[in-house]
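Note sheet for the following structure.
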Amino acid sequence: MFFYGKIIPMQLNAQESPIYKTLNTVFGFTAFRAHQEDIIKSILNKQDVFAVMPTGGGKSLCYQLPAALMPGTAVVISPLISLMKDQVDAAQSVGLSAAFINSSLGVRQISETYQKLKADKIDLLYIAPERFKVLHFMELLKNIPISFFAIDEAHCISEWGHDFRPDYLNLSNIRTTFPKALIAAFTATATLKVQEDIIRKISLRSPFLVRASFNRPNLFYQIEKKTAVNSQILQFLRAHPDESGIIYRTTRNSVMETAEFLTSQGIKALPYHAGLTQKKRTENQEAFNRDDVSVIAATIAFGMGIDKSNVRFVIHADLPKNIEGYHQETGRAGRDGEPAVCLLFFSRGDMSKIRYFIEQIADDKERLIAFDKLNRMVGLVSYNLCRRKQLLKFFDEDYPADNCGACDICLGDAQEVDITVDAQIIMSAVKRTDERFGIGHIIDIVTGANTKRIRQCRHNQIKTYGAGKHGDKNYWRFLADELLAYKVIRQEGDRYPVIKLTDKGLDILFSKVRLTALRRQETKAASLGSQDEHYDKILFEKLRIIRKEFAEEQQVPPFVIFSDKTLHEMCRYYPVSVDEMRKISGVGEVKLKQYAETFMAEIEEYLAERPDISIEKISSNTSCSSINLRQQKKPGQSIENTYLLFQQGLSIDDIAKQRSLAASTIIGHLEILIRDARDIDPDRLIDPVKYKEIEKLFLESKQWNLTPVIEHSNGRVNYTEARLVRAFLLR
Ligand code: ADP
Ligand code: ZN
C-alpha cells in the first residue's frame with residue numbers, strides 16, 4: 001500500500017470568523033477537534049467552562065485560542081512546573097506572547113514578567129497553584145486586565161480524585177478575589193463525583209459542561225502472551241525503529257533490567273523510576289522529550305510531566321493494577337492524533353504479585369474495590385472481546401460499533417465455532433462440585449489432574465473428571481475466560497473467587513440453547529503501527545533530522561517545532577510551495593516563516609531524486625482548488641508492471657529497456673515494492689555479503705541517510721545498492 005491523499009475538511013462559511021482565522025493562521029489547523037469550538041465560544045461569551053477531555057483531546061487550544069483573541073492576560077494554572085517552560089515555548093512558537101512564573105525563576109526574571117503584565121504585553125501567563133497564596137501576586141493580578149482563568153488538571157483540587165494536591169485548594173481564592181472573573185477548568189480524568197466536587201470548590205457559575213468520550217480512536221490496543229518479555233519488546237522495537245515510546249514496568253529492578261538489555265542491543269533507551277536522583281530523572285525525561293533517546297523504560301512514576309505529543313507506542317511489560325491506570329498510561333501515546341500502538345504483555349503470574357500488594361491494604365472496602373478493579377483488568381486482557389469496548393465500558397461508556405477496527409481482537413481473523421460441548425464440560429464440573437471452587441480447580445478436574453486437593457475432595461470420582469483431556473490447561477483457561485466474557489458463568493468473591501453458573505449457563509448446560517464463539521487468530525504487534533500508516537517513511541526520516549536540528553538550535557523539544565502529525569502530512573502531500581505548506585496541519589504563519597523554506601527545499605530535493613513520485617503528483621487532481629494539495633495517487637499500474645517483469649526474472653536494466661524508462665525509475669519502483677513487503681528476493685538485487693556490509697554501515701551511522709553509508713564504504717557501495725538495502729531494512 002502506498003500513500004493516499006486525504007481531503008481536509010474546510011469550514012467554508014465559517015472561515016471568515018475570527019476563531020477559524022486564528023485556528024488557521026496562528027495554530028495552522030484546518031478543523032476543530034470535538035468540543036473545542038463550543039468551549040472556545042463559551043469562553044468568548046463569558047460563560048464558565050468545565051471540561052473532561054481525554055489526554056491528547058486538545059485542551060490547551062481551548063484556552064490558548066481565546067487567549068490570543070481576547071484583550072488582557074489569560075492566567076493558566078498548571079501543577080507541573082517542569083512542563084511550564086515547554087508549554088510557554090510551544091505557545092511562543094506559534095506567535096503568542098506567553099510567560100510563566102514559578103519557583104524556578106529568579107527575582108529579576110519575575111519582576112521583568114510583572115512589568116510586561118502591567119503593560120498588558122502578555123496573552124498567556126502560566127503559574128503554579130501556590131502563587132495564589134502570595135499576597136503581592138494577588139495584588140498584581142487585581143491591577144492588570146485579565147481575560148479569564150484556565151485551570152489545567154483541575155481534578156487535583158478534589159480529594160476524591162486520584163491525584164489530590166493541597167496547593168490546589170488555594171484556587172478557591174480566585175472566585176472570592178475576582179468575583180466577576182471567567183473560569184474555565186479542564187481535566188482528563190474525573191468521575192461524576194469528582195466533577196461535582198471541583199465545580200463546587202472553585203465556584204463555577206452554571207458552567208458549560210463537556211464530558212468527552214474516553215475513546216481514543218487513534219490508539220491500537222494489542223495484548224500478547226508474555227514469555228520472554230525483553231526479547232518480545234526488542235522484536236517490537238526492531239519493527240518500529242526510532243519511534244518514541246514508553247515501556248512501563250512495575251519495579252525499579254525490572255525497569256533497570258529492561259533499559260540495560262535494550263541498550264546492550266543497540267537501542268537508545270534510558271530508565272526512569274523514583275529510586276534515581278531528581279537530577280537524573282529530569283535529565284532522562286529531557287533526553288526523551290528531545291528525541292535524544294527514543295525509548296524510556298519507567299515505573300508509573302513517569303508520565304504526569306509528559307506532554308510529548310509524538311509518543312508512538314506505550315508498552316506495558318507487566319499487568320497494570322486497574323483499567324484507570326492502563327487508560328491513563330496508554331493515553332500518553334498519540335497525543336498528536338496520529339496512529340499509535342498500546343501493547344501489553346500478559347502472563348497470569350503477574351496477577352499473584354498484584355494480589356499480594358492488594359492484600360496489604362488495611363481498609364476492607366478499599367481492598368475489595370482494588371480486587372474488583374484487578375478482576376476487570378484481567379477480563380480486559382483475557383476475554384475474547386473488543387479491548388476498546390471493554391475499556392470504555394469501565395468508564396460507563398458504550399462503544400457503539402461491533403468492530404472497532406483498531407484492536408487485536410477486532411482485527412483478528414474471526415471464525416464462528418460451536419463451543420457448546422466444551423462449555424458443558426466446564427459447567428458440569430462446576431455444578432457437580434456445588435459451585436464452591438475456583439477456576440483453577442475446575443480446570444484440574446476436567447483435565448484429569450492428579451492433585452492433592454482433587455484426591456482430598458474425591459473429585460476424581462465425579463463423572464466429568466478427565467472429560468476434557470482433548471485440550472490442555474491453556475485451552476480450558478481460555479475457554480473459561482470466554483464463558484466469563486459471555487456471562488455464561490460468573491465469579492463470586494474477591495481473593496479466591498468461586499465459579500457459579502448464570503441462567504444463560506444453565507440453559508446451555510441443559511442443552512436448551514447452543515453456544516457459539518468467535519475464534520480469532522492473533523495479530524502480531526510487531527506488524528502493527530507505522531507500517532499501516534500512509535506516509536512516505538523515507539522522507540519522514542529526512543524531515544525528522546531537520547526538525548531535530550531546529551529543536552537543538554532553539555533548545556526546545558522537537559515536537560514544539562512540528563508535531564509528527566505535521567511531518568506525516570508533509571510526507572503524504574509533498575508540499576513545495578508556500579501555499580501548499582500553509583495547508584499542512586500545524587503550519588501557522590509564524591512557523592511558515594521560520595521553517596517552511598528549509599523543509600520545502602528538502603522535499604524538493606527528495607522529489608528530484610524520485611521521478612516516479614513527481615509523475616504521480618502532476619497527474620493528480622489539482623483542479624480541486626479548495627484543497628489544492630497535490631495528492632499522491634495509488635502508484636497503480638506502472639509499479640505493478642515493474643513487479644510483473646521482475647517476477648518474470650528480468651534484471652533492472654532489462655525492465656528499464658523494455659518499459660522505456662530510466663533505470664532509476666525502476667529502482668524507485670522496487671524500493672516501493674520492497675517497503676510494501678511484496679515478494680522481492682534481495683539476493684537477486686544485491687550480493688548477500690554486500691547486503692550484510694551495507695546493513696552494518698546503516699546501523700553504525702544510526703540514521704537513514706545514504707551519503708554517510710556510501711562514504712564509509714570507501715567506494716565499495718553505490719547509491720543504488722544503499723537505496724535498495726535501506727528499503728529492505730525499513731520494511
Ligand atoms: P491535552 O492537553 O488535551 O492532552 P494537547 O492540548 O496537548 O492535549 O493537544 C494534543 C495535540 O493535539 C497537540 O499536538 C496539539 O497541537 C494537537 N491539536 C490540538 N487541537 C488540534 C486541532 N484542532 N487540529 C489538529 N491538532 C490539534
Ligand atoms: Zn476492538
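Throughout, residue positions are numbered sequentially from 1 according to the sequence presented. Ligands are counted one by one from 1 in listed order, and the atoms in each one are counted from 1 as well.
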Problem set entry | For ligand 1, the portion of Ala31 having any non-hydrogen atom under 4.0 Å away |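 For Ala31, only backbone atoms sit under 4.0 Å from ligand 1.
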Exercise. Looking only at heavy atoms, is any part of Phe32 under 4.0 Å from ligand 1, and if so is it the side chain, the backbone, or both, or is it neither?
Worked result: backbone
State the atoms of ligand 1, each with its element, that fall below the 4.0 Å cut-off from a heavy-atom position in [X].
{"X": "Ser309", "answer": "14 (O)"}
{"X": "Ser60", "answer": "2 (O), 5 (P), 6 (O), 7 (O)"}
{"X": "Thr55", "answer": "4 (O)"}
{"X": "Gly58", "answer": "1 (P), 3 (O), 5 (P), 6 (O), 8 (O), 9 (O), 19 (C)"}

For this session: Find out whether the Lys NZ or Arg CZ of Lys542 is both under 6.0 angstrom from the six-membered ring centre of Phe540 and within 45° of the ring's axis.
Result: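 Checked: cation-pi criterion not met.
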Problem set entry | Test: Lys308 cationic atom under 6.0 Å from Phe288 six-membered ring centre, within 45° of axis |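 Pair Lys308/Phe288 counts as cation-pi.
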With a 4.0 Å cut-off on N to O distance, would you call [X] and [Y] a salt bridge?
{"X": "Lys393", "Y": "Asp398", "value": "yes"}
{"X": "Glu589", "Y": "Lys593", "value": "no"}
{"X": "Asp38", "Y": "Lys41", "value": "no"}
{"X": "Lys548", "Y": "Asp292", "value": "yes"}
{"X": "Asp152", "Y": "Lys59", "value": "no"}
{"X": "Lys85", "Y": "Asp89", "value": "yes"}
{"X": "Arg312", "Y": "Asp336", "value": "yes"}

For ligand 1, which is the ligand I care about here, please tell me if [X] has any N or O atom under 3.5 Å from one of the ligand's N or O atoms.
{"X": "Arg33", "answer": "yes"}
{"X": "Gln36", "answer": "yes"}
{"X": "Phe29", "answer": "no"}
{"X": "Leu61", "answer": "no"}

At the 4.0 Å heavy-atom cut-off, does [X] count as touching ligand 1?
{"X": "Pro54", "value": "yes"}
{"X": "Gly337", "value": "no"}
{"X": "Ser563", "value": "no"}

Problem set entry | Identified ring-ring contact (aromatic ring centres under 6.0 Å, His included) partner of His316 from the options Tyr326, Phe345, Phe346 | Tyr326
Problem set entry | Those residues that, when tested against Tyr126, pass side-chain hydrogen bond (donor to acceptor under 3.5 Å, both in side chains) (two or more places apart) |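 Testing Tyr126 for side-chain hydrogen bond (donor to acceptor under 3.5 Å, both in side chains), a comparison that skips the adjacent residues, returns Gln64.
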Exercise. Taking atom types as modelled, is there a side-chain donor on Ser158 or Asp197 under 3.5 Å from an acceptor on the other?
Worked result: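 A pair is found: one side chain offers a donor N or O, the other an acceptor, under 3.5 Å apart.
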For this session: Verify whether one side chain among Glu37 and Tyr20 offers a donor that lies under 3.5 Å from an acceptor in the other.
Result: yes
Exercise. Counting no waters, what protein N/O/S atoms lie under 2.8 Å from the Zn ion (ligand 2)?
Worked result: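 Near the Zn ion (ligand 2), the protein supplies Cys386 SG, Cys404 SG, Cys407 SG, Cys410 SG.
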For this session: Quick one: look up the protein heavy atom nearest atom 10 (C) of ligand 1 and list residue, atom name and how far away it is.
Result: Arg335 O, 3.2 Å
